[in-house]
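Take a look at the structure set out below.
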Amino acid sequence: MKKIDKTTYHKRTAIKSFVRNPILSRPYQIIILQCMLLLGCTEFVEVDPPQNILIAETVFEDPATVESTMANLYYNMREQGMVSGNFGLTPTLGIYADELDYYGFNVDLAQFYNHNIIAINNRVELWWNQAYSLIYGANAIIEGVESSKALSSSERNRFKGEALFIRSYMHSQLVGLFGDVPYIKTTDYEENNRVSRLPESAVYDNIIVDLEEAVGLLEGQEPVTSNRVIPDAYTAKALLARIHLYVGDWEQAVSYATDLIANFQLEMDLDRVFLKASPETIWQLQADDQFPINTSEGGTLTIELVPGQTYALTEELLSSFEENDLRYEEWTEPISDRDNTITFYYPHKYKADYNETESLEYSILFRLAEQYLIRAEARARLGNLIGAANDLNQIRERAGLTATQANTQTELLEAILKERQLELFTEQGHRWFDLKRTGNAGTILDDIKPNWNETNLLLPIPESQLELNPNLLPQNVGY
């Protein structure tokens, strides 16, 4: 094996762009996938197959090549779709909800901001295609490691557990955005060519089954790295806690969140919460070792110059902070134009900019603060008001605030939802998903989004997908 040079890498990354329709996989896509499976990011290795023939099975003869293949999936999650980066959920759902104002000129993003999305929106299609491309890759890994005789039992368990997590995580994002969606478990293009949508409840059931299996496979495995960039059993449990909260299984949400709270600790210095070594990080996507070396979220949302801003925090969010909330001081940053006639605020959770000479921050997808708020809400709904208030106060006290005065179930649930707004703002669309699942989207957005309609709770299925596969019909209502 040999290191792959950067020129070869850039040529090979172009291969991935040919996979236009991951659900309706044609035979040529299997060949392309075989090429993809031999590529890795950030650490690349190249296997020399027989004369110009790339055989997918070669990948599963050596744990190092499987590791590289997994790294390729994480790279794509970070750079190319809904999970992270310039095209991710954070900025786009920030403007769809009440976190961010949009000042740019991109037509697709303007549709999100103005709530007049159409079924040919390029951002919507990008998210759909890239999510199912990752799912397809995860399924290829699952099938490959299951049939591999070269990998040890422990290696098979770890790689399959990671791939199951990716499959369930991407489906969790899809069902949150689109509602009823296909749950893809195979690389069989003929089967995928006829795929239809499952009800939301069935999608969540499949997610939970996959995650429980992932926990069983990953539990007890030695950490691959010390910086939480590879999903492990705790990562799967963090998603299980979130999913159980979403589906209303409060006891299970409490159970999984409690496990995580027992094994992680809050970073008490708000200025250090989003550093790559933060003790509360459960899973994060490692920054590239090429430019940019820190987070795309920080680069996308930071305002360098006024005028010239693309996003800015809304007055609705800024006015929600209580007096003396340290998050307002540490996690938001003002910037004015040259004449100091206008001031905007931007998210300042990620503080490292492109001038840094080393990676200081990674894109955090799961952290402990969310688990405290998950357990607080689940406990409140179970009637454990003291426990719920205690969890809520862990987050409030770190922010320099006094203990909550809420003492009824209704008051506590309102206080927890507000705390989620202020703790998790501009992080993977938490605010939008909270408004949607609690039934508050219309109440909050109707006054600030002139085109708001209840049908906006779901995005449209991309029109191109409906044309290619009529089994995906009917289109979501309102599109």
Side-chain angles (χ1 to χ4, degrees), residues 12-26 29-30 32-42 56 59 66-90 92 123-145 159-178 181-189 191-192 195 203 206-207 210-211 213-214 229-231 235-236 239 243 283-286 288 296 363 365-366 428-429 459 461-462 465:
R12 292 189 169 191
T13 358
I15 295 173
K16 295 190 284 294
S17 66
F18 287 96
V19 187
R20 179 176 177 270
N21 186 18
I23 285 189
L24 304 169
S25 306
R26 299 176 177 84
Q29 289 178 292
I30 295 176
I32 293 173
L33 177 68
Q34 291 173 349
C35 299
M36 290 171 59
L37 286 173
L38 292 176
L39 306 179
C41 319
T42 296
V59 172
V66 185
E67 196 89 58
S68 181
T69 303
M70 296 300 306
N72 189 52
L73 293 184
Y74 302 136
Y75 174 87
N76 288 335
M77 292 176 79
R78 189 184 77 233
E79 299 293 338
Q80 297 185 1
M82 68 170 65
V83 177
S84 179
N86 297 332
F87 305 110
L89 297 179
T90 293
T92 311
R123 181 63 55 95
V124 172
E125 184 164 11
L126 169 72
W127 285 354
W128 178 281
N129 286 345
Q130 198 261 358
Y132 278 112
S133 178
L134 285 167
I135 290 166
Y136 186 88
N139 287 333
I141 291 169
I142 292 169
E143 293 169 6
V145 300
F159 293 132
K160 182 179 179 182
E162 287 184 44
L164 283 168
F165 171 78
I166 292 174
R167 184 168 82 184
S168 58
Y169 178 69
M170 296 313 303
H171 279 109
S172 75
Q173 304 286 41
L174 286 164
V175 70
L177 294 169
F178 298 99
V181 293
Y183 202 93
I184 306 298
K185 297 183 178 182
T186 179
T187 60
D188 185 330
Y189 75 92
E191 181 175 337
N192 290 341
V195 74
V203 177
N206 276 281
I207 290 170
D210 272 355
L211 287 172
E213 184 178 359
V229 297
I230 304 296
T235 315
L239 182 53
I243 296 300
W283 182 45
Q284 57 191 348
L285 294 174
Q286 184 170 347
D288 201 352
S296 294
S363 297
L365 301 181
F366 289 91
Q428 295 87 51
L459 298 182
I461 306 300
Q465 297 298 317

Check: I141 and V59 side chains under 4.5 Å, non-hydrogen atoms:
no

So how far is it from L211 CG to S168 OG, rounded to the nearest 0.5 Å?
3.5 Å

Here the gap from I166 atom CD1 to I142 atom CD1, rounded to the nearest 0.5 Å, amounts to 9.0 Å

Can any side-chain N or O of T92 pair as donor or acceptor with the backbone N or O of G88 at less than 3.5 Å?
yes

For the side chain of S172 and the backbone of Y169, is there at least one donor-acceptor N/O pair under 3.5 Å apart?
yes

Can you name the closest pair of heavy atoms from M77 and V83 and give their distance?
O-CB, 3.3 Å

Please report the shortest heavy-atom distance between A138 and L73, naming the atom on each side.
N-CD1, 4.0 Å

Less than 3.5 Å apart, any donor N or O on the side chain of D210 or Y183 sitting next to an acceptor on the other?
yes

Could you tell me whether the side chains of E79 and Y74 share a donor-acceptor contact shorter than 3.5 Å?
no

Closest heavy-atom contact between P462 and F178?
CD-CE2, 4.3 Å

Closest non-hydrogen atom pair between N192 and T186, with its separation:
ND2-O, 3.1 Å

Note, P182 side chain near Y132 side chain (heavy atom, < 4.5 Å)
yes

Where do F165 and W283 land on the ring pair (Phe, Tyr, Trp, His ring centres under 6.0 Å) test, with the steps shown first?
CA-CA 12 Å; F165 171 78; W283 182 45; 5.2 Å; yes

Contact summary for K160 and E213, nearest pair of heavy atoms
NZ-OE2, 3.0 Å

Do any N or O atoms from the side chain of Q173 and from the backbone of M82 form a donor-acceptor pair under 3.5 angstrom?
no

Please check this pair: side chain of H171 against backbone of A131, looking for a donor-acceptor N/O pair closer than 3.5 Å.
no

Under 3.5 Å, is there a donor on one side chain and an acceptor on the other for R78 and S363?
no

Please name the pair of heavy atoms, one in F87 and one in W127, separated by the smallest distance, quoted to 0.1 Å.
O-NE1, 2.7 Å

Donor-acceptor pair, distance only, cut-off 3.5 Å: does the side chain of R167 make one with the backbone of N139?
no

